[in-house]
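A short write-up of the structure that comes next.
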Amino acid sequence: MDAPHTSGPAPGHARTKLDLLYHDVLGEVASLVDRLETVSTSLDAAQQQIQAVADTQQVLPQQLVRHLTTSLEATAKPIHQQHQQAIQAMLDATGTRLDHLALEAAQCARITHHAARRMTVIAVIIGGAAGVLGGLLAGLALGQWLIP
């Protein structure tokens, strides 16, 4: 019987080239798989960051409204207090001036009242004296006319 005849390179040699080819192809595939896993991990991280940014953008207007409200209240409160204090100071000063003017007006009214009373007394005295004098003169004139 004849030994089987194989064509091509020796079995050990062919196997080594095929192994090298498999090893080379598997290395490239393994490298591609590693790169795909890295890209997939990066995509997952980017997706999480994008989701975090989206969540922040949804909450941001509410936080901004709260922050603005707090800031406006914190700013408006001292201004309002200063405004109230300024108004109160003006009212106090005006009240003091009005009290002073009222006292002066009352004093002027008392002086005027006393002057009016004096003028009335003087007018009564002068009127009485004029009446008495007028009566005396009329009596004298009548007496001279009646007594010829």
Side-chain angles (χ1 to χ4, degrees), residues 8-9 11-148:
H13 185 68
R15 191 80 177 139
T16 305
K17 282 186 179 180
L18 188 59
D19 284 343
L20 285 174
L21 187 60
Y22 280 141
H23 182 58
D24 190 33
V25 169
L26 288 175
E28 289 295 321
V29 169
S31 174
L32 287 174
V33 168
D34 288 343
R35 288 173 62 189
L36 284 174
E37 287 176 353
T38 303
V39 168
S40 177
T41 304
S42 296
L43 284 175
D44 288 343
Q47 183 181 10
Q48 289 174 352
Q49 288 178 347
I50 289 171
Q51 184 62 41
V53 168
D55 292 343
T56 302
Q57 286 178 343
Q58 288 177 354
V59 175
L60 188 62
Q62 295 167 351
Q63 290 177 341
L64 183 60
V65 166
R66 281 195 306 268
H67 181 67
L68 284 175
T69 302
T70 304
S71 296
L72 286 174
E73 287 174 356
T75 304
K77 196 175 219 176
I79 292 171
H80 181 68
Q81 288 175 345
Q82 289 174 352
H83 178 31
Q84 290 294 340
Q85 290 172 351
I87 288 175
Q88 190 60 45
M90 272 193 326
L91 289 175
D92 291 344
T94 303
T96 303
R97 288 180 186 157
L98 287 175
D99 288 344
H100 181 68
L101 286 174
L103 290 174
E104 286 181 358
Q107 186 177 8
C108 287
R110 277 193 302 274
I111 292 170
T112 304
H113 179 68
H114 289 303
R117 289 177 96 189
R118 283 185 199 143
M119 290 176 85
T120 303
V121 169
I122 291 172
V124 167
I125 291 173
I126 290 176
V132 169
L133 185 61
L136 284 175
L137 287 175
L140 284 175
L142 193 59
Q144 281 186 3
W145 186 59
L146 290 178
I147 303 179

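Along the sequence shown, the residues carry numbers beginning at 1.
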Handout entry: Donor-acceptor pair, side chain of Ser40 and main chain of Leu36, under 3.5 angstrom
Key =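 Pair absent, no side-chain N/O of Ser40 close to backbone of Leu36.
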Nearest 0.5 Å, what's the [atom1]-[atom2] distance between [X] and [Y]?
X     : Y     : atom1 : atom2 : answer
Thr16 : His23 : OG1   : NE2   : 13.0 Å
His67 : Gln62 : NE2   : CD    : 15.5 Å
Thr56 : Gln51 : OG1   : CD    : 9.5 Å
Ile50 : Leu43 : CD1   : CG    : 9.0 Å
Thr94 : Arg97 : OG1   : CZ    : 6.0 Å
Asp19 : Asp24 : CG    : CG    : 12.5 Å

Exercise for the section: Verify the neighbour count for atom CD of Gln47: are there more than 12 heavy atoms of other residues, nucleotides or ligands below 6.0 Å? Expected result: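 For Gln47, atom CD is not crowded (no more than 12 foreign heavy atoms under 6.0 Å).
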[Y] and [X], any side-chain heavy atoms less than 4.5 Å apart:
X      : Y      : answer
His80  : Gln84  : yes
Thr75  : Ile79  : yes
Gln107 : Arg110 : yes
Asp34  : Glu37  : yes

Practice task
Decide side-chain contact (heavy atoms from CB on, under 4.5 Å) for Arg117 and His113; before the verdict, give the C-alpha distance in whole Å, the side-chain angles of both, and the deciding distance to 0.1 Å.
Solution key: CA-CA 6 Å; Arg117 289 177 96 189; His113 179 68; 3.4 Å; yes
Exercise for the section: Start with the C-alpha distance between Asp92 and Gln88, add both sets of side-chain angles, then the distance that settles side-chain hydrogen bond (donor to acceptor under 3.5 Å, both in side chains), and finish with yes or no. Expected result: CA-CA 6 Å; Asp92 291 344; Gln88 190 60 45; 3.0 Å; yes
